[in-house]
Number of protein chains: 2
Amino acid sequence: MAVYTQVPAEALDSFLSRYDVGTLVSAKGIAEGVENSNFLVETTQARFILTLYEKRVSEADLPYFLALKTHLADRGLPVPRPIVDREGRALQTLQGRPACLIEFLPGVSLGEPTPAHCRAAGEAMGQMHAALRDFDQVRENALNLAGWQRLAEACGARADEIAPGLAATIAEELAFLETNWPLDLPHSTIHADLFPDNVLVRGTKVTGLIDFYFACTDIRAYDLAVLHTSWAFSGDGATHFADRAAALDAGYAASHGLSADEAAAFNILARGACLRFLLTRTYDWLNTPADALVTRKDPLAYLRRLAHYRAA
Amino acid sequence: MAVYTQVPAEALDSFLSRYDVGTLVSAKGIAEGVENSNFLVETTQARFILTLYEKRVSEADLPYFLALKTHLADRGLPVPRPIVDREGRALQTLQGRPACLIEFLPGVSLGEPTPAHCRAAGEAMGQMHAALRDFDQVRENALNLAGWQRLAEACGARADEIAPGLAATIAEELAFLETNWPLDLPHSTIHADLFPDNVLVRGTKVTGLIDFYFACTDIRAYDLAVLHTSWAFSGDGATHFADRAAALDAGYAASHGLSADEAAAFNILARGACLRFLLTRTYDWLNTPADALVTRKDPLAYLRRLAHYRAA
């Protein structure tokens, strides 16, 4: 959420000369995305996002992410296209970091999506899933059931520092999901993190699906479950909005839809999605100093969402 | 250098409706400037910088800074103009913070200015000083001789933690300047911090003078001294470039120029400028944890510059 690596204008000028994109007009470091350095770069021809990949994103995964975004942009999805240089390369090195020049997409992220926005987001996810039917690269989900088990162990009894009883709830939920997780449902490439932060809109039109750095191969309907947990609740997780949830489903049904098996397992998938974010937030909370400049996200906002699906 | 206050798209939409600037297309938090939250905002009509003023900038000084920028923009200087709403107000409140929508200027900041850039920067400073002859608002320089004395006391013997003998050098230089500071030279509004960071260029043309948050009333030629200490040396202060220094003077002479008294006192003014940045960097170094996310600027880069002017 900050700029970790600085790029002097002279270095940027020289970097841009590898491409057919015009010459540098302006560049601003932007506070966005996971722990990468991002710049909004304007040339005489267009605007771009320049990303320098910092340590959190594994360099070995970068070709996968770039291929995925290119695949989706090629199929007309509003996904920022990695730009290739004159020799056809998208992945570069700049200031000693892996780097990529990426298409700039207009639009803003919403704080409070309306049902109309939810419908558009559900429809965009379905279009993305349809466009991914012929994407054949595979990346394991590091935050799958086995990943949740590792995180739960790493948090252990210390979870109770956040809320009394939290460690027991996590253990209980994990045991339930180990028994009931619907591994036989269709797998596909999924975004796995399509929060409102990662969807750009203008009016009620989706203009961008961004931040694919959790994308992986997993149960396809789990992607829709993540969408529900992040779009259909108030930020603190205390209120579930049935109208937003219905709009997400209607949008998804219009462009892709769930099978009867997927629909039957949906509540379990949503519980898994809640546990995934509950665990990463709990882990981050326990391992981030309270006075760090990074904002810690409240784990309890996902405990409340989990309670909703457990009661349903 | 980060975004401290978030602005949801809905709040930004409603904020922009106070102005005649079109409607929101995109907004990105940018990592720039002193400790304020800055956003690059695009509307259907133009691009703007939106600044939310955080604690480091005193709210009482904001009308001064906005009047100064408006004065310079009115006189054709490439200074970002504060935008007024339909009721003529530039200073607003957004997310509980003082806020201002400001003109976006193209251009980039240089890492290594050439003599041609130095000439352009010197000329732009002279144009700014000429345009400020009829600006009559006054703001005391918090970092004047009395401010340096306070900083030197606050650092005290701990300066030697950075380099042995630094505390003694600071005390000696301060004593010299207390005796020799040329207070009778003409005073004016000055930028007081016109580092390469704060000048936007395209090619060798100056397209922006930015970041006026140290602007104040002080010895006018001191502004040119700050320009010299920041443009005419290598970043580490070890090398002085005579060609860049000559170009700064030639540019300034073309648009404003120094009187004989100012030229005679220039070496002392440059020593004062070096001490000012040596002191603020020393203070920040001693008071910023080594592991903070903020980059500490090297005080010794200004000790070396000071040595250059003491030897001259």
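Sequence lines set the chain letters: A, B, ... in the order given, protein chains first and strands last, and positions in each chain run from 1.
- At most 12 heavy atoms of other shown residues, nucleotides or ligands fall within 6.0 angstrom of atom OH in A/Tyr283.
- Of the inter-residue distances, the one linking B/Arg47 atom CZ with A/Glu42 atom CD reads 4.0 Å to the nearest 0.5 angstrom.
- Within 6.0 Å of atom CD in B/Glu59, 12 or fewer heavy atoms from other residues, nucleotides or ligands are found, so the atom counts as exposed in its surroundings.
- Contacts between residues 233-241 of chain A and chain B, counted as heavy-atom pairs separated by less than 4.5 Å, involve no residue at all.
- For residues 104-120 of chain A, a heavy-atom distance under 4.5 Å to chain B picks out A/Phe104, A/Pro106, A/Gly107, A/Val108, A/Ser109, A/Leu110, A/Gly111, A/Glu112, given by residue number.
- Considering NZ of A/Lys28 and CG of B/Asn38, their distance stands at 9.0 Å, rounded to 0.5 Å.
- For A/Leu24, the parts lying near chain B are the backbone and the side chain together; criterion is any non-hydrogen pair under 4.5 Å.
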